[in-house]
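Structure first, then comments.
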Amino acid sequence: MLHRRLTLLVAAASLAALTACSEGGAIEENVVRPGITAITEDAPAAACTANASVLRNAIDAYTMLEDGPPPDEQALVDAGYLRETTTDWEVVDGELVAENPACGSVPEQAPVATLDIVTETEPLDADDLYATFDQAAIDSIGGEACARELAAIIAAAETFLAERSAEPTDIEQLVTTGYLATSPALWELVDAELLPAAGSGCNPLE
């Protein structure tokens, strides 16, 4: 039978614990206090970014379910997509506009991850398929000539299927459509089963 083959990091440090262990020396001056200062300075920017993310999610949901972008932030609240308005951003026809000068420009939206789904591998040509046969398989088929012609038929059928999304009706269709160079002499298709031709010396597939 013709066949087919499928072939954050998250690190955290506790400043409170570090402060408790230190008594005001170099650790406190060089690590604790700069850390606290950095957190204090970064807090507004972090809040702006977090609020922007929440608003974008609300805008996307509103746009998809209400058949159009929200005219303003209040529309998101009225429709239940947002609990309350923010003081960092305003929404104008579905777009974010900075309301709080501390937020600066609108942060770039993180790219949406995509997933490419591959349903089957690229069909092998006759030579590559034959190269996957070990000597025991070649011997069981009936020798090199039988194995090579069998590989050519299977490779042609797989390519036909991949390109036309339909299985060939018979071996001759593979020949007439150019997927097989010549009509096989050692194998034939009988009731959808690939069998050795009479007198070929090839062995039926197990």
Side-chain angles (χ1 to χ4, degrees), residues 2-125 128 155 157-168 177 179:
L2 297 181
H3 70 284
R4 298 170 58 192
R5 293 171 298 102
L6 300 180
T7 309
L8 289 169
L9 281 190
V10 178
S14 172
L15 290 175
L18 186 56
T19 303
C21 293
S22 68
E23 297 181 356
I27 292 178
E28 181 176 355
E29 292 298 322
N30 296 323
V31 178
V32 178
R33 293 190 184 281
I36 294 173
T37 301
I39 290 173
T40 303
E41 291 176 348
D42 290 345
C48 288
T49 300
N51 285 337
S53 179
V54 170
L55 279 168
R56 278 201 173 107
N57 289 337
I59 290 169
D60 289 345
Y62 183 104
T63 302
M64 181 166 48
L65 297 175
E66 306 295 336
D67 297 324
D72 51 36
E73 195 175 2
Q74 188 60 48
L76 293 172
V77 176
D78 294 342
Y81 295 94
L82 202 63
R83 195 159 33 176
E84 59 185 3
T85 59
T86 71
T87 57
D88 293 330
W89 307 98
E90 182 53 87
V91 175
V92 179
D93 294 330
E95 298 294 330
L96 289 182
V97 177
E99 185 177 359
N100 181 356
C103 288
S105 59
V106 178
E108 292 185 9
Q109 189 168 8
V112 177
T114 59
L115 177 66
D116 293 329
I117 300 176
V118 179
T119 56
E120 56 183 279
T121 58
E122 188 75 17
L124 298 177
D125 64 21
D128 289 337
E158 288 183 342
T159 304
F160 184 102
L161 176 63
E163 294 182 358
R164 303 194 175 207
S165 300
E167 294 203 17
T177 52
Y179 289 91

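Taking each heavy atom of E73 and E84 in turn, the nearest pair found is OE2-O, 4.4 Å. What you find for P70 and T63 is that their closest heavy atoms are CD-OG1, 3.8 Å. Here the closest non-hydrogen pair linking E99 and W89 is OE1-O, 3.2 Å. For the pair T85 and Q74, the tightest heavy-atom approach, listed with the atom from each and the gap, is CG2-OE1, 3.6 Å. Minimum interatomic distance between G94 and P69 (heavy atoms only, all atoms of both residues): CA-CB, 3.8 Å. Taking every heavy atom of both residues into account, A75 and Y62 meet most closely at O-CE1, 3.9 Å.
Under a 3.5 Å cut-off, the side chain of E167 and the backbone N or O of L161 do not form any donor-acceptor pair.
A side chain to side chain contact (heavy atoms under 4.5 Å, CB included) with V54 is found for exactly one of I59, L82, L76, T49, namely L82.
Within 6.0 Å of the CD atom in E95, the count of heavy atoms belonging to other residues, nucleotides or ligands does not exceed 12.
In this structure, V91 and L96 have side chains that are in contact, with non-hydrogen atoms separated by less than 4.5 Å.
Atoms CG and CD, from D125 and E158 in turn, are 11.0 Å apart once rounded to the nearest 0.5 Å.
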Please evaluate residues V92 and D72 with respect to the criterion side chain to side chain contact (heavy atoms under 4.5 Å, CB included), reporting the C-alpha separation (whole Å), side-chain torsions for both, the decisive distance (0.1 Å), and the verdict.
CA-CA 5 Å; V92 179; D72 51 36; over 6 Å; no

